[in-house]
Amino acid sequence: MNNPFPFSDSNKRYYTFDYYLRRTFGGKCAKITLDGGFTCPNRDGTRGIGGCTFCSGRGSGDFCEKASVPIADQFAVQKEMMRKKWDNARFLAYFQAYTNTYASLPQLKELYEEALRQPDVVGLNIATRADCLTPEIVAYLRELSERTALTIELGLQTIHDQTAKRVNRGHSWQEFLDGYEMLSGLDVCVHIINGLPGESAEMMLDTAKAVAGLHPKFLKIHLLHVLEGTVLASQYLKGEFSELSLADYVRIVCDQLEILPPETVLGRVTGDGPADSLIAPLWSKKKLVVMNEIDKELVRRGSYQGIWYNCTKNKT
C-alpha cells in the first residue's frame, strides 16, 4: 500500500526527525547530548525550588556525561560510541541538561562555540525555558543561526496553567508565548508531555491544537515517566495519579498527529526513561513496540499527520 503522507520514504505517516536530517544534511546525523553545568530558575529559588515534579536529579540530562567533564571530552566519548553504529555520521551538539540559556552571555558563548569547534558538528540544539531568554541572548542566537543549523528546544509540556502549577513548572502558558515570540524567525522545537497528573485526553489534545496554531518547525511529544527520587514518584506511589496505558497513549498521540501541521517535524513521539530508575509506565521500556503501535494505529485509521490540520485551523 502506498503511503499517503508526503514527507516520508518509509512506512512512517508522520514527519520523522531522521527523514528531515537525511533530507537536510544528505546522510545520517546523530545528537550528542551535553551537560554545560547549568541549573534552572525553578530549582535555585528564582522561580521555584526543587524543579518540575517529574524532572530527574540530572535535569533531564540522564544520558549526558557529567558536567565536570570538559565539553570536548563529553563530545569525544559519545562520538566514539556513535561511530560504532554509524561510521560516517555527522553530529548535532545538544545542550540538554537543565536550562541552557540560564547563564551570562560570555559563559554561553564559551560553551556553544566550544561545541561548534568539535569535528563533524553540523548543528547546535539548545534546550531551555521560555522565561530564560533575554534580548542579548536572543540576538546572539540569531547570529549563531547564520553560522550553523541552530534549533532552540523550548519546553512547554502543557498549555493548562493548573497542570503547570501542579507539576511546579514555574511559568505560565502566556509566558511561554512571550518567549516563543522572542524567538520568531528561529527554528524552535516545542516539547509537550502526555500523561501529566490530572490531565484528560481532551486536555492533551488541546495542548497539541494550541501548539499546531504556533506552527513550530519541530515538536517533541513525550510520555510522562515516573522516575525514582522525584516528587512525582512520591505522588504516584501514594496513588495520587495513575499512568497512561499503552493503548491510551497510542490513541492520544495519533489524535495529536492528525491535527498538527504536516510540515512540523516530529523529534519524537515517545521518550526514554533511564531503565534503572523507571517506576512507570513499565511498558515504555519497549520503545520500538510503542512506535510500531502508533504506526499500526495510523494505518488502521487510514490516517496520517496533518489529515485534519486545515479543518482544525479553520475552526479556530
Side-chain angles (χ1 to χ4, degrees), residues 33-64 66-67 94-105 107-108 111 125-138 141 151-183 188-199 203-204 207 210-211 219-236 240-241 271-274 277 279:
T33 57
L34 302 170
D35 189 334
F38 299 97
T39 184
C40 175
N42 203 22
R43 287 177 177 265
D44 67 6
T46 303
R47 298 299 298 263
I49 298 293
C52 299
T53 60
F54 53 78
C55 195
S56 70
R58 289 293 307 276
S60 297
D62 301 273
F63 301 105
C64 302
K66 293 182 179 180
Y94 180 19
F95 283 92
Q96 182 180 31
Y98 299 101
T99 303
N100 293 275
T101 59
Y102 192 48
S104 67
L105 185 56
Q107 182 182 351
L108 297 180
L111 290 166
N125 286 48
I126 299 169
T128 191
R129 291 164 53 98
D131 57 348
C132 290
L133 298 165
T134 66
E136 294 77 17
I137 288 173
V138 172
L141 295 176
T151 300
I152 308 303
E153 308 230 0
L154 202 59
L156 168 61
Q157 322 316 354
T158 178
I159 66 166
H160 303 287
D161 286 345
Q162 68 269 35
T163 305
K165 290 179 181 178
R166 182 169 178 174
V167 300
N168 197 39
R169 180 66 190 160
H171 68 68
S172 67
W173 167 227
Q174 184 58 54
E175 287 174 298
F176 175 88
L177 292 174
D178 294 342
Y180 188 87
E181 178 63 26
M182 289 181 69
L183 297 170
V188 175
C189 178
V190 178
H191 291 226
I192 63 175
I193 297 178
N194 288 333
L196 291 169
E199 290 215 343
M203 293 172 73
M204 298 174 218
T207 291
V211 171
L219 172 66
K220 285 183 177 178
I221 301 175
H222 295 271
L223 164 67
L224 181 70
H225 289 105
V226 181
L227 304 178
E228 290 180 358
T230 63
V231 173
L232 189 75
S234 176
Q235 295 170 344
Y236 174 78
E240 295 180 13
F241 72 98
D272 298 292
S277 62
I279 296 175

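Residue numbers start at 1 and run along the sequence shown.
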Nearest-0.5 Å distance that lies between atom [atom1] in [X] and atom [atom2] in [Y]:
{"X": "Cys55", "Y": "Arg43", "atom1": "SG", "atom2": "CZ", "result": "4.5 Å"}
{"X": "Gln157", "Y": "Phe176", "atom1": "CD", "atom2": "CZ", "result": "9.0 Å"}
{"X": "Leu156", "Y": "Cys189", "atom1": "CG", "atom2": "SG", "result": "11.5 Å"}
{"X": "Leu224", "Y": "Leu196", "atom1": "CG", "atom2": "CG", "result": "5.5 Å"}
{"X": "His171", "Y": "Asp131", "atom1": "NE2", "atom2": "CG", "result": "5.5 Å"}
{"X": "His160", "Y": "Trp173", "atom1": "NE2", "atom2": "CH2", "result": "10.0 Å"}

Quick one: do Ile126 and Thr151 satisfy side chain to side chain contact (heavy atoms under 4.5 Å, CB included)? Show the steps, please. CA-CA 6 Å; Ile126 299 169; Thr151 300; over 6 Å; no
Taking only residues two or more places apart in sequence or in another chain, which ones pass salt bridge (charged side-chain N to carboxylate O under 4.0 Å, His left out) with Glu175? Arg47
Not counting sequence neighbours, which residues clear salt bridge (charged side-chain N to carboxylate O under 4.0 Å, His left out) with Arg169? List them please. none
For Thr39 and Thr99, what are the C-alpha separation, side-chain angles and deciding distance, and is it a side chain to side chain contact (heavy atoms under 4.5 Å, CB included)? CA-CA 6 Å; Thr39 184; Thr99 303; over 6 Å; no
Please lay out, stage by stage, how Asn42 and Cys52 fare under the test side chain to side chain contact (heavy atoms under 4.5 Å, CB included). CA-CA 7 Å; Asn42 203 22; Cys52 299; 3.9 Å; yes
For the student: nearest non-hydrogen atoms of [X] and [Y], plus distance:
{"X": "Leu154", "Y": "Ala130", "value": "CD1-N, 3.6 Å"}
{"X": "Ala233", "Y": "Val226", "value": "CA-CG1, 3.5 Å"}
{"X": "Phe38", "Y": "Tyr98", "value": "O-CD1, 3.4 Å"}
{"X": "Pro197", "Y": "Leu232", "value": "CG-CD1, 3.7 Å"}
{"X": "Ala127", "Y": "Gln96", "value": "CB-O, 4.0 Å"}

Are a donor atom and an acceptor atom from the side chains of Asp44 and Tyr102 found within less than 3.5 Å of each other? yes
What's the verdict on side chain to side chain contact (heavy atoms under 4.5 Å, CB included) for Gln235 and Arg166, showing C-alpha distance, side-chain angles and the deciding distance? CA-CA 11 Å; Gln235 295 170 344; Arg166 182 169 178 174; 5.6 Å; no
Can you list the residues that meet the ring pair (Phe, Tyr, Trp, His ring centres under 6.0 Å) rule with His222, with sequence neighbours excluded? His191
Ring pair (Phe, Tyr, Trp, His ring centres under 6.0 Å) filter on Phe95, not counting sequence neighbours, yields Tyr112
Just jot down the side-chain contact (heavy atoms from CB on, under 4.5 Å) partners of [X], sequence neighbours excluded, or say none.
{"X": "Met182", "value": "Leu133, Pro135, Val138"}
{"X": "Ile49", "value": "none"}
{"X": "Asp178", "value": "Gln174"}
{"X": "Thr134", "value": "Glu136, Ile137"}

Pairs involving residues 219-233, ordered by first then second residue, that meet salt bridge (Lys or Arg N to Asp or Glu O under 4.0 Å) (sequence neighbours left out): Glu153-Lys220
Who passes side-chain hydrogen bond (donor to acceptor under 3.5 Å, both in side chains) against [X], sequence neighbours left out?
{"X": "Thr207", "result": "none"}
{"X": "Thr53", "result": "none"}
{"X": "Tyr180", "result": "none"}

Criterion side-chain contact (heavy atoms from CB on, under 4.5 Å) against Phe54, the qualifying member of Ile193, Val231, Leu227, Asn168: Ile193
Side chain Asn194, main chain Leu223, donor-acceptor under 3.5 Å: no
